[in-house]
Amino acid sequence: MFIDSDHPLLVHGSSDMGFNPYEIRRDFPILEREVNGRRLVYLDNAATTQKPRQVIEAIREYYEKYNANVHRGFHTLSQEASEAYEKAHETIAKFINAYSWEEIVFTFNSTEALNLIAYAWGFKNLREGDEIILTVMEHHSNMLPWRNIARLKNAKIKYVDITDDGLLRYDQLEEMVSEKTRIIAVTMMSNVLGTVNDIKRIAKIAHSVDAIIVVDGAQGVPHLPVNVRDLDIDFLAFSGHKMLGPTGIGVLWGKRDRLDEMMPFKVGGDTIKDVTLDDVVWQDLPWRFEAGTPNIAGGIGLAVAAEYLMRLGMDNVRQHEIELTSYTLKRIREELSSDVEYYGPWDARIKGGVIAFNIRDLHHHTVGKALDMLGIAVRTGKHCAHPLHYRLGINGTVRASYYIYNTREEVDALVEALKTIIGLKETLKTTEEPDVCPGG
Ligand code: 7TS
């Protein structure tokens, strides 16, 4: 598929503007590890990324020097912790160009953020007969919360399909929207196909019928320059652990008006200004949505991760991944096409660094295990996107996914390993195949 040079998803950056994956690697102690006697080649970044020393240090420093609860005390440690935790909200606001840090709600992960939007906004604003539009490429985390709230409110779910190239059917979306549409919830980037969706265009479609657009940025935000004002979206969810940050911290961003339309859903400590036996006065944003003691260390670590990415420049991150992806696709097409089935767009400029494939006649888990024997970490299975796999008519895929520290040599290692596995196909076919897909 060919795209215009002014396509909205193209990033005109250059990876030689101080972006050097070999230097970046020095910040990641884990990349020194050996697995099965070989230097680790970590290609499972869509599941979670590795953490640089700077993030690990920031978390250690918090626990060693100013560990205290936030917003609860006048003592020095509590004030230092509160300041750092609040500042982390500011850093994340800057990272996505939010209007204000008060629009940044820290959650556990994308899944929690999406559930929060579905229940806290949906419960208050959905009516019987309303429609929610999703796509067949959604991760379960941006599908199941909507299905639950739709059931509770008697709303209807509709799904937009994909083309044979793995792109969203915008024509179908345009036909599907109506005055009944209240929500379009869509991923910024597919965690299987890598497809980058045109969020600006979808936002326009949503707003043309006064619907809101909820964007699952779990895969998009770590890999693409994201500007929520420019995208003109209503809500965005993403996870810290997929963008160099720790696990257990995620982000819900919402336009202030939209956040004000949500009911406080998880309530308790920290969400209130005052409580009597009969009444409650809710806290200001964002605190009324951060119930209980938050993941303070996680928030601080995530801010350091965002700063790290901003220093590199998200345009450069994107460009680096386009180069690695384009190189991989070229090698697959030229050298492996008789044995490898690839799923997703072939043009690296409109997809992220996610390569899902199968080796014909081999189970995806068998390939994943064989790659691990060769020191290469990939994910196999249905990647928590079962409906997408069924739409593609397959039971699972092998998925390699890149990030800032991956190199062309690692792509070479993957391609050479696949050649080795293809060479051993007859032997591997006879081994018992695990048919359980851990975690989906
Ligand atoms: N949305 C998308 C598009 C995702 O890829 C994921 C995680 C989530 C939501 C949920 O993120 P979490 O941090 O709340 O778990 N995706 C994957 C994956 O592709 N492999 O492991 C996790």
Side-chain angles (χ1 to χ4, degrees), residues 51-109 112-113 115-117 120 236-241 243-311:
K51 322 302 172 199
R53 280 177 215 287
Q54 291 85 338
V55 169
I56 299 166
E57 271 307 307
I59 294 168
R60 209 168 78 130
E61 202 185 349
Y62 163 70
Y63 282 122
E64 283 188 357
K65 298 194 178 148
Y66 59 103
N67 171 56
N69 212 326
V70 289
H71 306 147
R72 282 159 204 238
F74 282 105
H75 66 81
T76 302
L77 264 52
S78 177
Q79 287 189 9
E80 285 176 9
S82 300
E83 199 178 307
Y85 185 66
E86 286 181 23
K87 207 157 170 279
H89 288 68
E90 281 173 30
T91 305
I92 297 306
K94 191 169 146 207
F95 185 62
I96 57 169
N97 200 28
Y99 297 94
S100 151
W101 69 272
E102 292 161 298
E103 298 167 338
I104 303 293
V105 178
F106 281 165
T107 60
F108 188 60
N109 49 33
E112 194 195 22
N115 272 276
L116 197 61
I117 304 165
L236 176 70
F238 56 102
S239 297
H241 69 95
M243 50 174 279
L244 311 178
T247 50
I249 188 84
V251 178
L252 154 60
W253 169 84
K255 266 189 186 156
R256 180 183 285 272
D257 290 353
R258 296 287 96 83
L259 290 171
D260 282 335
E261 287 166 5
M262 299 199 331
M263 67 176 197
F265 185 70
K266 288 167 62 179
V267 293
D270 268 352
T271 58
I272 56 92
K273 278 185 176 155
D274 194 21
V275 181
T276 62
L277 286 180
D278 306 313
D279 210 356
V280 49
V281 182
W282 300 112
Q283 250 307 0
D284 295 329
L285 290 173
W287 314 124
R288 68 171 172 268
F289 295 115
E290 292 191 15
T293 300
N295 183 355
I296 303 163
I300 291 167
L302 173 58
V304 173
E307 274 161 10
Y308 189 101
L309 289 170
M310 285 190 277
R311 256 197 320 277

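As the structure is a prediction and not an experimental result, all values here were calculated from the model. All residue numbers refer to positions in the sequence shown, counting from 1.
- Note that CG of Asp257 is 10.0 Å distant from OH of Tyr99, once rounded to the nearest 0.5 Å.
- Summarising the geometry, atom CG belonging to Asp260 is positioned 13.5 Å from atom NZ belonging to Lys255; distances are rounded to the nearest 0.5 Å.
- Between Met243 atom CE and Tyr308 atom OH the span is 13.0 Å, to the nearest 0.5 Å.
- A donor-acceptor pair is defined here as one N or O able to donate and one able to accept, closer than 3.5 Å; no such pair exists between the side chain of Lys87 and the backbone of Ile300.
- The two residues Gly301 and Pro246 make their nearest non-hydrogen contact at C-CD, 3.8 Å.
- Looking at Val105 and Leu285, their side chains never come closer than 4.5 Å, going by heavy atoms from C-beta outward.
- Summarising the geometry, atom CD1 belonging to Ile249 is positioned 7.0 Å from atom OG1 belonging to Thr107; distances are rounded to the nearest 0.5 Å.
- Residues passing the ring pair (Phe, Tyr, Trp, His ring centres under 6.0 Å) test with Phe95, sequence neighbours excluded: none.
- Using a 4.5 Å heavy-atom threshold, the side chains of Glu57 and Val304 count as separate.
- Taking CD1 from Ile92 and CD from Glu90, the interatomic distance works out to 11.0 Å, rounded to the nearest 0.5 Å.
- In this structure the side chain of Phe106 never reaches within 4.5 angstrom of the side chain of Pro286, judged on heavy atoms.
- Between the CG atom in Leu244 and the CG atom in Leu309 there is a gap of 4.5 Å [rounded to 0.5 Å].
- Contacts of Asp278 classified as side-chain contact (heavy atoms from CB on, under 4.5 Å), with partners at least two apart in sequence or in another chain: Thr276.
- The side chain to side chain donor-acceptor pair (under 3.5 Å) check on Glu80 picks up nothing, with sequence neighbours excluded.
- Pairs of residues two or more places apart, or lying in two chains, that qualify as ring-ring contact (aromatic ring centres under 6.0 Å, His included) and include a residue from residues 246-283 are Tyr119-Phe265.
- With sequence neighbours left out, Glu261 forms a salt bridge (Lys or Arg N to Asp or Glu O under 4.0 Å) with Arg258.
- Within the 4.5 Å cutoff, the side chain of Asn109 has heavy atoms near those of the Ser239 side chain.
- Taking the side chain as every heavy atom from C-beta outward, Val251 and Leu302 approach each other to under 4.5 Å.
- A search for side chain to side chain donor-acceptor pair (under 3.5 Å) contacts involving Glu86 returns His71, not counting sequence neighbours.
- Of all heavy-atom pairs between Lys266 and Thr271, the closest is O-CG2, 3.8 Å.
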Distance-only donor-acceptor hits, side chain of residues 63-70, under 3.5 Å, sequence neighbours excluded:
unit_1 : atom_1 : unit_2 : atom_2 : d
Asn67  : OD1    : Tyr62  : OH     : 3.1
Asn69  : ND2    : Thr293 : OG1    : 3.0

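- Applying the side-chain contact (heavy atoms from CB on, under 4.5 Å) test to Gln283 and every residue at least two apart in sequence or in another chain returns Lys273, Trp287, Arg288.
- Remark: Phe289 pairs with no residue by the ring pair (Phe, Tyr, Trp, His ring centres under 6.0 Å) rule, at least two apart or across chains.
- Residues passing the side chain to side chain donor-acceptor pair (under 3.5 Å) test with Lys94, sequence neighbours excluded: none.
- Residues Glu290 and Asp270 have side chains not in contact (no heavy-atom distance under 4.5 Å, counting atoms from C-beta outward).
- Across all non-hydrogen atoms, the minimal contact from Gly299 to Ala88 is O-CB, 3.3 Å.
- With sequence neighbours excluded, the residues forming a side-chain contact (heavy atoms from CB on, under 4.5 Å) with Gln79 are Phe74, listed by chain and number.
- Residues satisfying the side chain to side chain donor-acceptor pair (under 3.5 Å) criterion with Ser100, sequence neighbours excluded, are Glu102.
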